[in-house]
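Worksheet: one structure, shown below.
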Number of protein chains: 2
Amino acid sequence: MSISSRFAVGIHILVLIEVNKGNVSSSEFIASSVNTNPVVIRRIMGMLKNAGLVTVRPGVAGAELARDLTGISLFDVYKAVDVVQERELFNVHENPNPACAVGRNIQEAIMPVFSVAQLAMEKALGSVTINDVVKDILEKEKADNANRLTT
Amino acid sequence: MSISSRFAVGIHILVLIEVNKGNVSSSEFIASSVNTNPVVIRRIMGMLKNAGLVTVRPGVAGAELARDLTGISLFDVYKAVDVVQERELFNVHENPNPACAVGRNIQEAIMPVFSVAQLAMEKALGSVTINDVVKDILEKEKADNANRLTT
DNA sequence: ATTACATGTAATTATAATAGTTACAAGTTG
DNA sequence: CAACTTGTAACTATTATAATTACATGTAAT
């Protein structure tokens, strides 16, 4: 099991729009950076738009960030692209036997634990912003450039 | 996306073996409590066995816990049933465009963040034991019994 | 040793999610 | 109107899950 790459791609899209600021970020341009089909980008872009993270207009090339970079956390993106439902990171088997003491109580016993674990993961995502990722990438670029010049 | 119910079923199995202590917990008996096919139970049981959590012998009915209840955490079960690979809770799109500053750095930028989030979730699972779940279930049973008598 | 029953496991199927693709309607701009 | 873009529906290939059938292998009691 793995959480859909829609999440990683959503982050990629937002970061790219920022780094490409001043130029037009069309779905085709973004798709070439992500290395996928433009339709995949438009689909995810639609979700980011519904969540109020970007602005895009039909017929008009290019997407823009709808909020300040520091105001978009990875958790916001995660919710926007709908990769994991609330309280449903862990699948619980349905219809355990109610005639058994374990069967009739197991769900209520483990669901709160699963919920706590899911929330811990989501909290970690909430503490990182798109701005953090942009800064990290620009720093890596800078380091690479310095390396290329000195070696 | 959802983490396979193998995990929840694995927990169910271990709890049931404990609650049914003294009696024989065959795959058929466990399957009737989980409400699934005995083969599903045997497959998961095999994983629990490989992880050293239970003892089962071919041909001999019944499984037993191989460790003290308080020494088995939900994280141990999670690892045993192999529902999420290390560092792979989140899928990262492959082959982003190396000709783009974002494309060539995005993976290294987000993988550590994803890793932290996954570890936070796993840590939460590590802090709960099978014994905790067993106690919780027995308490729920007790409360239900009391309710049934007084109402 | 034979019978009865359990575990271990391969093979098959149905179902669902993902990611990619084609096709095209609808919007925008020059 | 022409060129280009976004928005979406529809279809496909791939993969994972869970359930099921079938059967080989192992154990124990008579």
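Just so it is clear, the values below take in all heavy atoms, side chains as well, and ignore hydrogens, waters and symmetry mates. Predicted, not measured: the structure shown is a model, and the values here were computed from it. Lettering follows sequence order; numbering is per chain, from 1.
- Taking the C1' atoms of five terminal pairs at each end of the helix from dA1(C)-dT30(D) to dG30(C)-dC1(D), the two resulting helix axes are inclined by 10°, rounded to 10°.
- Panel note: side chain Q85(B), backbone S2(A); no donor-acceptor pair is recorded below 3.5 Å.
- Only at 4.0 angstrom or more do the heavy atoms of residues 74-102 of chain A sit from any atom of DNA chain C, so none qualifies.
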For nucleotides 19-30 of chain D, read 5' to 3', which letter fits each nucleotide if B means a protein heavy atom sits under 4.0 Å from the base, S means only the sugar-phosphate is that close, and - means neither? BBBB---BS---
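- Using a 4.0 Å cut-off, no side-chain N or O of S4(B) falls inside it from OP1 or OP2 of dA16(D).
- With hydrogens and angles disregarded, a donor-acceptor distance shorter than 3.5 Å links the side chain of N97(A) to the backbone of S32(B).
- Taking K123(A) as the reference, nothing meets the salt bridge (charged side-chain N to carboxylate O under 4.0 Å, His left out) condition, with sequence neighbours excluded.
- Heavy-atom contacts from other residues, nucleotides or ligands closer than 6.0 Å to CZ of R87(B) number 12 or fewer.
- The CD1-C1' distance, from I3(A) to dA16(D), rounds to 15 Å in whole Å.
- Between dG7(D) and K49(A), a contact under 4.0 Å exists linking OP1 or OP2 to a side-chain N or O.
- Regarding M47(A), its CE atom lies at a distance of 13 Å from the P atom of dA17(C), rounded to whole Å.
- Although no hydrogens or angles enter the test, the distance criterion places no donor-acceptor pair under 3.5 Å between the side chain of S5(A) and the main chain of A8(A).
- Using bins of under 30°, 30° to 60° and over 60° for the plane-to-plane angle, the ring pair F7(B)/F90(A) lands in the tilted bin.
- Whole-Å rounding puts the R6(A) CZ to dG20(C) P distance at 12 Å.
- What separates CE of M45(A) from C1' of dG7(D) is a distance of 12 Å, to the nearest Å.
- The same ILVMFWY cluster, assembled from side-chain heavy atoms under 4.5 Å apart, contains both M111(A) and M121(A).
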Show which side-chain atoms of residues 127-134 of chain A pair as donor or acceptor with protein atoms under 3.5 Å away, not counting sequence neighbours.
residue	atom	partner	partner atom	Å
S127(A)	OG	A124(A)	O	2.9
T129(A)	OG1	N131(A)	N	3.3
T129(A)	OG1	D132(A)	N	3.1
T129(A)	OG1	D132(A)	OD2	3.3
D132(A)	OD2	T129(A)	N	2.9

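- In plain terms, the two heavy atoms of P96(A) and Q107(A) that are nearest each other are CD-NE2, 3.6 Å.
- A donor-acceptor pair under 3.5 Å links the side-chain atoms of N105(A) to the main chain of A101(A), judged by distance alone.
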Only pairs under 3.5 Å count here: list side-chain donor-acceptor contacts from residues 41-58 of chain B, not counting sequence neighbours, and write none if there are none.
residue	atom	partner	partner atom	Å
R42(B)	NH1	S27(B)	OG	3.1
K49(B)	NZ	V56(B)	O	3.1
N50(B)	ND2	G46(B)	O	3.4

